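Heads up, the thing below is written out as structure tokens.
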Amino acid sequence: MTIAIHVEPLGPRLAVVKLSGRLDLLSAVEVKQRLAAVVNEGSPRLVVDLGEVSFIDSSGLGALISGLKAARLAGGDLRIARPDKQARHILQVSTLDRVLVPYATVEEAVAAY
Amino acid sequence: MSDDPVLAGIAVDLPAQLQALDEVYAALDRLEAAMNSLCVDPHGPTALMGLRTAVIEIATNIIRHAYPPGAPTGALRLLLQLYADRVEAHLSDDGIPYSLPETLFMPDLDDLTDLPEGGFGLFLARQSVDQLTHTRTDQGANHWRLVKHFAGST
């Protein structure tokens, strides 16, 4: 296992999903499935906390995009909190920061809903 | 290949399978440790971040696509090198010939209902280093060379 996933419900239709470890090919499917489950269980407004994620690759970005799509289909959204320098790098060069909006803190991401 | 001295080199031969990614990360960590102990350049960590991003993308590409499904697991060779002004990675496999597209691009993000969930690994790799080249060697190997210079690393 390269990643740990902790889900914290935070009010109506909103949950914080904290990831710890590496978000890559080895963990992307697990993250994708967990995000979909959180949405299906009634929390389409997601904040994904990347503060403890040491590395993200394109497979990991794919999992976040999948979560974003599931959230939006259910009337919500997916926002990124606490991306480190490497995460910000790939969000910027991929231009995915246009749709996976990064916030400096979990509180800011939650408050933006 | 240049003639300037290699300050540190790390070589690993791995089976091209998912579990090998852990060894690729470990090799990158060893390069980072060597860089830190030698205090090469203040831009070193940022350069290594870019190289790490690109190496993982190319290694993942090799693991997923170099050898046909059902074929015996082939090799994934990784060489990491630290120079005074840059870091380099060489990755190779003995799999099917690869042809690097002349241009790499991100899929269109304007249609939010149809966002792509993959297919941009090579683009990310190319954007993360200063040079990314692929050659098919006379010995029938795919060889990737990735270079990230310290100067101007942002």
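All figures in this text were calculated on a predicted structure; none of them were measured in a lab. Convention: sequence-line order gives letters A, B, ...; per-chain numbering from 1.
- At a threshold of 4.5 Å between side-chain heavy atoms, the hydrophobic network of Ile, Leu, Val, Met, Phe, Trp and Tyr places A:Val101 and A:Val106 in two separate groups.
- No path of Ile, Leu, Val, Met, Phe, Trp and Tyr side chains, each step under 4.5 Å between heavy atoms, connects A:Leu10 with A:Val7, placing them in separate hydrophobic clusters.
- Annotation: the span from A:Ile65 atom CD1 to B:Phe120 atom CZ amounts to 4.0 Å, rounded to 0.5 Å.
- Heavy-atom neighbours of chain B within the stretch residues 36-43 of chain A, taken at a separation under 4.5 angstrom, are nonexistent.
- Taking each heavy atom of A:Ser58 and B:Gly121 in turn, the nearest pair found is OG-CA, 3.4 Å.
- B:Leu82 and B:Leu80 end up in the same hydrophobic cluster when Ile, Leu, Val, Met, Phe, Trp and Tyr side chains are linked at under 4.5 Å.
- In terms of hydrophobic clustering, with Ile, Leu, Val, Met, Phe, Trp and Tyr side chains grouped at heavy-atom distances under 4.5 Å, B:Val147 and B:Leu132 are assigned to different clusters.
- Counting only heavy atoms from C-beta outward, the side chains of B:Thr46 and A:His89 never approach each other to under 4.5 Å.
- Both the backbone and the side chain of B:Arg52 come within contact range of chain A, judged by heavy atoms closer than 4.5 Å.
- Distance check: B:Gln127 CD to A:Gln92 CD gives 12.0 Å after rounding to the nearest 0.5 Å.
- With rounding to the nearest 0.5 Å, the separation of CG in A:Leu26 from CD1 in B:Ile63 is 8.0 Å.
- Between the CD atom in A:Gln86 and the CG atom in B:Leu48 there is a gap of 11.0 Å [rounded to 0.5 Å].
- Distance OH/B:Tyr25 to CG/A:Asp24: 3.5 Å, rounded to 0.5 Å.
- Residues A:Val93 and B:Thr53 are not in side-chain contact: their nearest non-hydrogen atoms beyond the backbone lie 4.5 Å or more apart.
- Only the side chain of A:Leu68 comes within contact range of chain B, with heavy atoms under 4.5 Å apart.
- One finds the CG atom of A:Leu25 at 5.0 Å from the CG atom of B:Leu18 (value rounded to the nearest 0.5 Å).
- Taken together through direct or relayed side-chain contacts under 4.5 Å among Ile, Leu, Val, Met, Phe, Trp and Tyr, B:Leu146 and B:Tyr98 form part of one hydrophobic cluster.
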